[in-house]
**Q** 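Submitted below is the structure of interest, expressed as structure tokens.
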Amino acid sequence: MKKTVIVLGTWSSGSGAVSDYLSSRKDFINPFGTNEFKIISDPMGLHHLFINLYKTKSLLYPTFAFENFEKYIHKLEKYIVYSSPGVKKKLYNYKLLEHTKYFLNKIIKISYFGYPHYKDVTIDLDKRISLKLKRKFLSKNFAEQKILSIVSPVAKADFIKYSKQYIQNVLKSSCKSSLNNKNIVLNNGADILDPITSSQYYKNPKIICVLRDPRDIFCGMKIRQANSTPWYDVKIFIKWYKYHFGNKKFRGVLKNNRILVIKFEDFILNFDKENKRICKFLNINKNISFKKNNKLFNIEFSRSNIYKSKKFLSKNELKLIKKNLRKYLQW
């Protein structure tokens with residue numbers, strides 16, 4: 001594998017179009033097709049695990065994070081997506097659990113069994129009664145019942161090293177063909193608000209952040225009724241957008257030379273020019289060679305998504321976004 005390209009964006013940002021373009025090239029592989037790679041950026045995911053292990057100071061935060069990460073991966077391994085209309089399949093194969101078990105064993109420095117207060121408070125009543133009955137009548141203390149493995153992690157540098165191996169193994173086992181001399185592209189494989197730190201788990205990461213006119217972002221959210229977004233109220237959307245993407249910290253992050261910022265509108269309307277920027281940043285051939293039977297990337301279809309908000313948003317919604325988010329408009 002040459003490099004890993006992580007394409008990031010907000011919901012309805014158009015990052016999928018950039019990811020689809022790279023996925024369609026012969027020199028790229030996308031193990032997950034049009035689906036996003038969320039193991040790192042999801043709550044309970046790998047970056048959340050890292051933060052709770054090394055960014056917070058607590059005796060039990062690591063244990064809680066370990067427990068949640070394991071639960072998340074076991075659910076993720078069963079996660080079903082549509083590979084094509086009407087065709088369902090698992091997004092990950094069975095090796096995900098195998099890779100995760102190996103990874104977690106490598107990043108544990110100390111481990112012992114216990115039953116901390118937060119576990120006693122949150123455990124189901126039937127389970128709590130069962131544990132206490134075993135303790136009383138079978139003389140099995142809580143440690144002997146192996147309720148919870150309380151852990152302390154390895155050094156941060158070792159965690160990063162083993163994380164890179166882990167992610168590499170997950171990507172390899174998810175690919176149908178060899179990664180030799182190929183680049184990997186992943187849509188939303190890191191956190192848009194923390195792109196540098198959340199991409200530290202990849203080997204040779206290259207980051208592309210896709211920005212889009214907030215009117216079309218809100219329109220896309222509203223059309224899809226996107227579950228994680230304030231699609232139903234334009235005033236809340238404006239506050240949400242300003243809070244996350246209109247602050248100095250986020251705008252400062254985008255100036256990092258390890259990030260290429262692409263405006264969706266420029267990518268679609270001035271594709272040749274933007275493609276040259278992308279190819280230079282990634283150090284790949286600007287002469288495009290698409291895979292046979294390419295069905296992912298269609299520039300004409302993407303162009304039909306430009307200015308959708310003019311058609312689908314109300315005059316009041318358009319007016320409010322234009323007034324309050326003027327600095328972020330793309331057209």
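When reading the values below, keep in mind they use all heavy atoms of this one structure, side chains included, and skip hydrogens, waters and symmetry mates.
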**Q** Any salt bridge between E70 and K101, counting N to O under 4.0 Å?
**A**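 Here E70 does not pair with K101 in a salt bridge, since their nearest N and O are not under 4.0 Å apart.
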
**Q** Less than 4.0 Å between a side-chain N and a carboxylate O, is that true for K235 and D233?
**A**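 No salt bridge links D233 with K235.
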
**Q** Could you tell me if N316 and K319 have a donor-acceptor pair between their side chains, going purely by distance under 3.5 Å?
**A**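 Not at all, the side chains of K319 and N316 share no donor-acceptor pair under 3.5 Å.
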
**Q** Assert yes or no for the condition that the ring centre distance of F37 to F32 is strictly below 6.0 Å.
**A** yes

**Q** Is it true that the side chains of S41 and D191 contain a donor and an acceptor less than 3.5 Å apart?
**A** no

**Q** Just checking, is any N or O donor in the side chain of S12 or R224 under 3.5 Å from an acceptor N or O on the other one?
**A**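 Note: S12 and R224 side chains meet the donor-acceptor criterion.
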
**Q** Take atom OH in Y79; do more than 12 heavy atoms of anything else shown fall under 6.0 Å from it?
**A** no

**Q** What do you reckon, is OH of Y118 surrounded by more than 12 foreign heavy atoms closer than 6.0 Å?
**A** yes

**Q** Between T100 and Y166, does any side-chain donor sit less than 3.5 Å from a side-chain acceptor?
**A**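 A donor-acceptor contact under 3.5 Å links the two side chains.
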
**Q** Just do the side chain to side chain donor-acceptor pair (under 3.5 Å) check on Y115 and N141 with the steps written out, would you?
**A** CA-CA 10 Å; Y115 187 47; N141 60 44; over 6 Å; no

**Q** Return yes if some donor-acceptor pair links the side-chain N/O of R277 with the main-chain N/O of I262 below 3.5 Å, else return no.
**A**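 The answer is no, because no donor-acceptor pair under 3.5 Å joins these two groups.
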
**Q** Hey, what's the ring geometry for H244 with W240, parallel, tilted or perpendicular (30° and 60° as the breaks)?
**A** perpendicular

**Q** Using only heavy-atom distances, determine whether the side chains of D216 and Y307 contain a donor-acceptor pair under 3.5 Å.
**A**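 No - no donor-acceptor pair under 3.5 Å links their side chains.
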
**Q** Ring centres of F113 and F142 under 6.0 Å apart?
**A**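 No, the ring of F113 stays outside the 6.0 Å limit from the ring of F142, centre to centre.
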
**Q** With side chain to side chain donor-acceptor pair (under 3.5 Å) as the test, would you mind laying out the steps for N305 and K308 before giving the verdict?
**A** CA-CA 6 Å; N305 287 319; K308 261 192 172 181; 3.1 Å; yes

**Q** Over all heavy atoms of both residues, which pair between P195 and L8 is shortest? Give the atoms and the distance, please.
**A**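 Between these two residues, the closest heavy atoms are CB-CD1, 3.7 Å.
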
**Q** Taking 4.0 angstrom as the limit, do K95 and E98 come out as a salt bridge?
**A** no

**Q** Go through it in stages, so that I can follow the logic: the residues are K119 and E67, the test is salt bridge (charged side-chain N to carboxylate O under 4.0 Å, His left out), and I'd like the CA-CA distance, side-chain angles, deciding distance and then a yes or no.
**A** CA-CA 11 Å; K119 196 67 177 176; E67 187 180 17; 2.2 Å; yes

**Q** Taking 4.0 angstrom as the limit, do K134 and E144 come out as a salt bridge?
**A**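 Salt bridge: no.
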
**Q** Anything under 30° is parallel, anything over 60° is perpendicular, the rest tilted; go ahead and classify F297 against F267.
**A** tilted

**Q** Let me see the working for Y54 and F50 under ring-ring contact (aromatic ring centres under 6.0 Å, His included), right down to the final yes or no.
**A** CA-CA 6 Å; Y54 303 105; F50 171 80; 5.5 Å; yes

**Q** Verify whether one side chain among D213 and Q330 offers a donor that lies under 3.5 Å from an acceptor in the other.
**A**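 Note: D213 and Q330 side chains miss the donor-acceptor criterion.
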
**Q** Under a 3.5 Å threshold, yes or no: a donor from one side chain and an acceptor from the other, between T4 and N204?
**A**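 Checked: T4/N204 side chains show no N/O donor-acceptor pair below 3.5 Å.
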
**Q** Take atom CG in L59; do more than 12 heavy atoms of anything else shown fall under 6.0 Å from it?
**A** no

**Q** Counting the benzene-type ring for Trp, do F245 and Y328 have ring centres under 6.0 Å apart?
**A**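 That pair fails the under 6.0 Å test.
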
**Q** For residues Y72 and H48, is any side-chain donor paired with an opposing acceptor at under 3.5 Å?
**A** no

**Q** In Å and rounded to the nearest 0.5 Å, what is the NZ to OH distance from K106 to Y102?
**A**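 Nearest 0.5 Å value for the NZ-OH distance: 4.0 Å.
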
**Q** Between K273 and D266, does any NZ, NE, NH1 or NH2 come within less than 4.0 Å of an OD or OE carboxylate oxygen?
**A**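 Between K273 and D266 there is no salt bridge, as every charged N stays at least 4.0 Å from the carboxylate O atoms.
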
